[in-house]
Colleague: 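Take a look at this one; I'll ask things after.
Remember, predicted model here, so these are calculated numbers, not experimental data.
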Amino acid sequence: MTDPTQYQFKLPANGAALPSQWSRWGRTPGTGAAAPASSPAELPEDAAACLAQGNTWLQAGRVADALRAYDRAIALQPDYLDPHFNRGNALLRLQRPAEALAAFERAAELSPTLVIAHYNCGTVLEALGRPAEAMAAYERALALEPAHVQARFNLGTLYLKQDDHEQALACMDAVLEHAPTLAQAHNNRGTALIKLGRLAEAEQSLSRALQLQPRYAEALSNRGNARIQLKRRQEAAADLRAAIALNPAEPRAYQLFGGLCRETGRRADALKAAQKAYELAPDAPGALIDLIGARTAVCDWRTLAPDLNRVVAGIEGGRDDINPFTVLGLLDAPALQLACARQYCAREQPPNPQLGKLVRKTASTKIRVGYYSADLHDHATAYLMAELFERHDHDGFEWFAFSFGPHSDSAMRQRLRRPFERFLDVRAHSDREVAQLSRELGIDIAVDLKGFTQDSRMGIFARRCAPVQVSYLGYPGTTGAPYMDYVIADRVVLPPALHAHFSEKVVTLPHSYQVNDAQRHIAERVFTREEVGLPPEGFVFCCFNNNYKILPATFDAWMRILAAVPGSVLWLLEDSALAASNLRREAQARGIDAARLVFAARMPLAEHLARHRLADLFIDTLPCNAHTTTSDALWAGLPVLTLAGQAFAGRVAASLLTAVGLPELVTTSAADYEARAIALARDPAQLRALRERLWANRATAPLFDARLFARHLEAAFVAMNERSLQNLPPAPIEIRA
C-alpha cells in the first residue's frame, strides 16, 4: 500500500500558504472596525484593535509582526478567543507547530464547541507524529459536527496507516456520503478494501477515483495492485505502466510492477523494476529484499556478499520489512530466520482480535479439519497432497478445503474436490469473512499450506479461524506468528536442537514430514540426449531447482565437481535467458567451459519426470534444498545427493532420502558433498546399485506411502484436538511409527 493521499485540508509543508479553512479571523478590515495603520513598534492598547492589526499583517505576509500583535491582544485580554486561534495560524507559518498546537488547544479550551479548533489540533498533532492524539482531536471535531468531511477523511487516513482497515473503510464511506466526487476518498477506500481482501470492490472504488481524476498516479498503482491479486495481469501491467509514466519518481509502482514481472516469469524486467524502486527509495519497505530476490532469481551475484550483510544487519537491527520467504533461500541461519519471521509477521499480519475470542465448541464425534490454500489446482503442493486427501479417514474426521487460488476446471482440480465433505471457493471473501465462516462451520483444526509464500492469506489465521492452527508443507520455516500453534515436521528436517528456533510447537512424524502422491504419472515418452541438448556421451549431473536457489557456494562446488569429472555436464532448469547467461559467465570465470552447462525448458510434469531418465545424479542446493523437486527425482528413479544444512529449508532433501531408504546420499560438509559426487560419477556400479535400490524402494518405503502418512498425520490431529478440548496450551507432539 502506498501512503494514502491526504485531503487538501492538511498542515502545509515548508511554510506554504494556509488554506482559508484554517483561518478564523476576528474583526478584519471590511467586516468590522478598520485596523489602524501601525508600525511594528506601535500597537494600540485595545485588544480588538490589536487582533485586527495582526490579521492585516498576517494577510500581508508580515507573520512575525502579526504574531506580536496577537500576543499583545492576549496580554490585554487573556480569554479573548480569536487572537489565540489566529496566533496558531501565524505560528504554523513560522514552522513552530508545537507552539501552534498550544494556541489551538487554548482556543478549544475557551470555546469547546469550536470545531475548527479541534480539527486544527488534529492536523498539527498528526504533523508532530502523535497519531493517537490526532485521532482523538478529530473525533472531538466529529462529535460536534458529524458531517465534517476533512476531519472524517483525515481520521480514516490515520486508520489506514495503522492498518485498521475496517475503520478506515467506514470513514471513507462516510466521507463519500457528503463528498461523492472526492477522488482521494475513493482511492483510500480502494486501498482499505485491498487490505481486507475485497478485491473486486477495491477495483471498483479505484476505477471511480480514476473516472474523477484520470491522471491520478496513486489510484492507478493501487488498481494495478488489486488487479495483480485478481490475476488480471495484462490490465495490472497497463495500470502500473501508466502510474510510472505519470509519476516516475514514485517507487511503489516499480515495486508492484517488479512483483508482477516475477509472477509472470519476466525475470529481467523484474530486476530492472526492483533496481529502479531501490534507487528511488532504498529504505522503502521491501525495496532491499525485493532487489536481492530479483538478483538471485537471475543468478546475478555481483553484489550478493554486501547485500547479505545488509539483510543480516537489518534483521539483527529489528527491520520488519524483510520477507522471510526470501531469507530462507539466502541464509542457513535458524535464529535469524525466526527473528525475521517474527518481525515481519508483527508488521504485516499481527494478531487481529476483531472477531473476538473464539469459543471452543464441545467435543463432537468427528474432528473437523480444514486445509487452506491458493494452490488447490495444478501446483506443486497439489501434486504432493492429492493422494493424502483421498486417503484421509472419514469415520473420525470431516474434511474441508478453503480454496482462495484461481478458478480451475482442470483434472487435478476435479480430483482435489472429490475427497472433501466441503470444497469452498473463498476467493471473493475477505480474511475476516473466511475466518468467520470457519468458526461458523466449527472447524477444529485449520491447516495453512501457504505461510509467507505467494498468494498467502495469513490474515485468516491472525483472526483465529479455529481453536488449533497448523503450519504445514508450503512454507519450509517458522512463521513467527503467535497464533500458529503447530508446525508439521520430522526428526531429520527439524531435530530437537532446532525446536527453539520455531515459534510453533513441533509435531514430529515418524518418517518424512512431506507427503507424496504415488499415483503421479510418468510419461512413456523416451527422450534422447540430443533432443534435450545433452552431449551424446559423458556423465550428466542435474539440478532442476528454481534458479534462485543456486548461490555461489553451491555453484563453486559444482564447478569443482565438473573439473574433476572430465566430459561431464550439468543439466539445469532454464528459469530465464538472463539466468542462463549469468550462469554461463560464472562457469567461465571458474575455468569451466560454458558449453558444459545445459539448460532444460519447462514442460508438463509427466514429461518432465520422464526426462529424468537421462540424468545420472541429481546434485542439490543449499541453503534451500530441492523440496518437491527432490520428490520428483526420487519418484522418477534418479538418486539425489544433498548437503544437509542447519535450517528446515536446507534439510528437506535429507528427510526425503532417509524416508526412501538412501541415507548414505546425505552429506554434512561441503567437502564430503563434493567428494561423494565425484566418487559416484567415477563408480558406475555403485551408482547403478543405488538406482536399483531406489526403484525397488519406491513401492515399499514410507516416503511414497500416502495411506501410512495419513494415519500418522491424523494421529497428530487427534493429539492436538485433545489438548485443545482440555484447554491445554500447544505442546510438542511426537507420533510413533
Side-chain angles (χ1 to χ4, degrees), residues 196-199 229 231 325 341 345 348-349 351-352 354-355 358 367-386 388-389 392 397-408 412-413 416-417 419-488 503-504 507 513-515 710 713-714 716-717 720-721 724 730:
L196 291 168
R198 295 161 59 178
L199 300 173
Q229 296 182 59
K231 304 301 180 186
F325 179 65
C345 183
E348 294 293 325
Q349 291 295 351
N352 189 322
Q354 66 181 176
L355 293 182
L358 188 150
I367 300 172
R368 293 191 163 194
V369 180
Y371 287 103
Y372 299 70
S373 182
D375 302 330
L376 299 175
H377 56 97
D378 294 280
H379 184 278
T381 297
Y383 297 147
L384 292 176
M385 297 193 72
L388 168 65
F389 298 148
H392 268 319
F397 297 85
E398 289 182 85
W399 304 97
F400 296 75
F402 293 80
S403 173
F404 43 82
H407 173 73
S408 173
M412 173 58 81
R413 178 61 154 248
L416 294 171
R417 293 183 69 97
F420 290 97
E421 271 75 15
R422 291 189 66 178
F423 189 102
L424 301 139
D425 186 339
V426 294
R427 282 174 299 158
H429 295 270
S430 69
D431 291 348
R432 177 178 182 168
E433 290 168 339
V434 177
Q436 183 63 49
L437 175 61
S438 302
R439 291 182 175 203
E440 291 169 358
L441 289 171
I443 300 299
D444 297 300
I445 299 172
V447 184
D448 175 36
L449 301 177
K450 292 300 298 178
F452 292 118
T453 58
Q454 183 178 314
D455 299 324
S456 67
R457 296 278 295 272
M458 287 289 283
I460 296 169
F461 303 91
R463 290 163 172 81
R464 181 56 70 174
C465 66
V468 177
Q469 300 189 151
V470 183
S471 177
Y472 176 53
L473 193 63
Y475 186 72
T478 181
T479 64
Y483 43 79
M484 297 307 296
D485 303 308
Y486 294 99
V487 62
I488 305 296
S503 60
E504 305 87 352
V507 175
Y513 84 102
Q514 189 191 96
V515 68
L713 184 61
E714 289 158 4
F717 288 156
M720 297 175 200
N721 191 58
S724 177

Colleague: Compare all side-chain heavy atoms of Phe397 with those of Ile445 and state whether any distance is below 4.5 angstrom.
Modeller: no
Colleague: Indicate yes or no: at least one non-hydrogen side-chain atom of Met385 is less than 4.5 angstrom from one of Leu449.
Modeller: yes
Colleague: Closer than 3.5 angstrom, by distance alone: can the side chain of Arg439 be matched with the main-chain N or O of Gly442 as a donor-acceptor pair?
Modeller: no
Colleague: With side chains defined as the heavy atoms from C-beta onward, is the minimum distance between His429 and Leu437 less than 4.5 Å?
Modeller: no
Colleague: Check this for me, if you would: do Asp455 and Lys450 make a salt bridge, where the nitrogen-to-carboxylate-oxygen distance has to be below 4.0 angstrom?
Modeller: no
Colleague: Contact between Tyr472 and Tyr513 at the side-chain level, heavy atoms closer than 4.5 Å - yes or no?
Modeller: yes
Colleague: What do the steps show when you test Val515 against Leu713 for side-chain contact (heavy atoms from CB on, under 4.5 Å), and what is the final call?
Modeller: CA-CA 10 Å; Val515 68; Leu713 184 61; over 6 Å; no
Colleague: Could you pull out all donor-acceptor pairs under 3.5 Å where a side-chain atom in residues 474-483 meets a protein atom, sequence neighbours excluded?
Modeller:
residue	atom	partner	partner atom	Å
Thr478	OG1	Gly480	N	3.2
Thr478	OG1	Ser503	N	3.1
Thr478	OG1	Ser503	OG	3.2
Thr478	OG1	Glu504	OE1	2.8
Thr479	OG1	Ala481	N	3.2
Thr479	OG1	Glu504	OE2	2.6
Tyr483	OH	Gln349	O	2.6

Colleague: Distance from Phe389 atom CZ to Arg417 atom CZ, nearest 0.5 Å?
Modeller: 13.5 Å
Colleague: Taking C-beta and beyond as the side chain, do Val470 and Val507 meet within less than 4.5 Å on heavy atoms?
Modeller: no
Colleague: Report yes if some heavy atom in the side chain of Arg432 is under 4.5 Å from a heavy atom in the side chain of Gln354; otherwise report no.
Modeller: yes
Colleague: Got a second to check how far Gln436's CD is from Ile460's CD1, nearest 0.5 Å?
Modeller: 13.0 Å
Colleague: Considering all heavy atoms of both residues, which atom of Met484 and which atom of Ser471 are nearest to each other, and what is their separation?
Modeller: CE-N, 3.7 Å
Colleague: Would you say the side chain of Arg457 lies within less than 4.5 Å of the side chain of Tyr372, judging by non-hydrogen atoms?
Modeller: no
Colleague: Hey, what do you get for CD (Gln454) to CG (Asp375), rounding to the nearest 0.5 Å?
Modeller: 8.5 Å
Colleague: Determine whether Phe461 and Asp431 satisfy the following criterion, side-chain contact (heavy atoms from CB on, under 4.5 Å), listing intermediate values before the conclusion.
Modeller: CA-CA 8 Å; Phe461 303 91; Asp431 291 348; over 6 Å; no
Colleague: Of all residues at least two apart in sequence or in a different chain, which pass the salt bridge (charged side-chain N to carboxylate O under 4.0 Å, His left out) check with Arg427?
Modeller: Asp425
Colleague: For the residue pair Phe423 and Phe420, categorise the inter-ring angle as parallel (less than 30°), tilted (30 to 60°) or perpendicular (more than 60°).
Modeller: perpendicular
Colleague: Which heavy-atom pair separates Ala428 from Glu433 by the least distance, and what is that distance?
Modeller: O-OE1, 4.2 Å
Colleague: As an exercise, state the distance from OG of Ser430 to CZ of Arg463, rounded to the nearest 0.5 Å.
Modeller: 7.0 Å
Colleague: What are the two closest heavy atoms between Ala382 and Leu416, and how far apart are they?
Modeller: CB-CD1, 3.8 Å
Colleague: Relative to the ring of Tyr371, is the ring of His392 parallel (under 30°), tilted (30 to 60°) or perpendicular (over 60°)?
Modeller: parallel
Colleague: Looking only at atom types and distance, does a side-chain atom of Asp444 sit under 3.5 Å from a main-chain N or O of Val369, one as donor and one as acceptor?
Modeller: no
Colleague: Compare every heavy atom of Gly370 with every heavy atom of Ile443, then report the nearest pair and how far apart it is.
Modeller: CG2-N, 3.8 Å
Colleague: Please find the pair of heavy atoms, one from Cys465 and one from Ser438, that lie closest to each other, and give the distance.
Modeller: O-CB, 3.4 Å
Colleague: Between Ser456 and Met458 (side chain of the first, backbone of the second, donor and acceptor by atom type, cut-off under 3.5 Å), is there such a pair?
Modeller: no
Colleague: State, to 0.1 Å, how close Ser403 and Arg413 come at their nearest heavy-atom pair, and which atoms those are.
Modeller: OG-NH2, 3.5 Å
Colleague: Would you say Glu421's side chain and Trp399's backbone share a donor-acceptor pair under 3.5 angstrom?
Modeller: yes
Colleague: Indicate yes or no: at least one non-hydrogen side-chain atom of Leu376 is less than 4.5 angstrom from one of Phe404.
Modeller: no
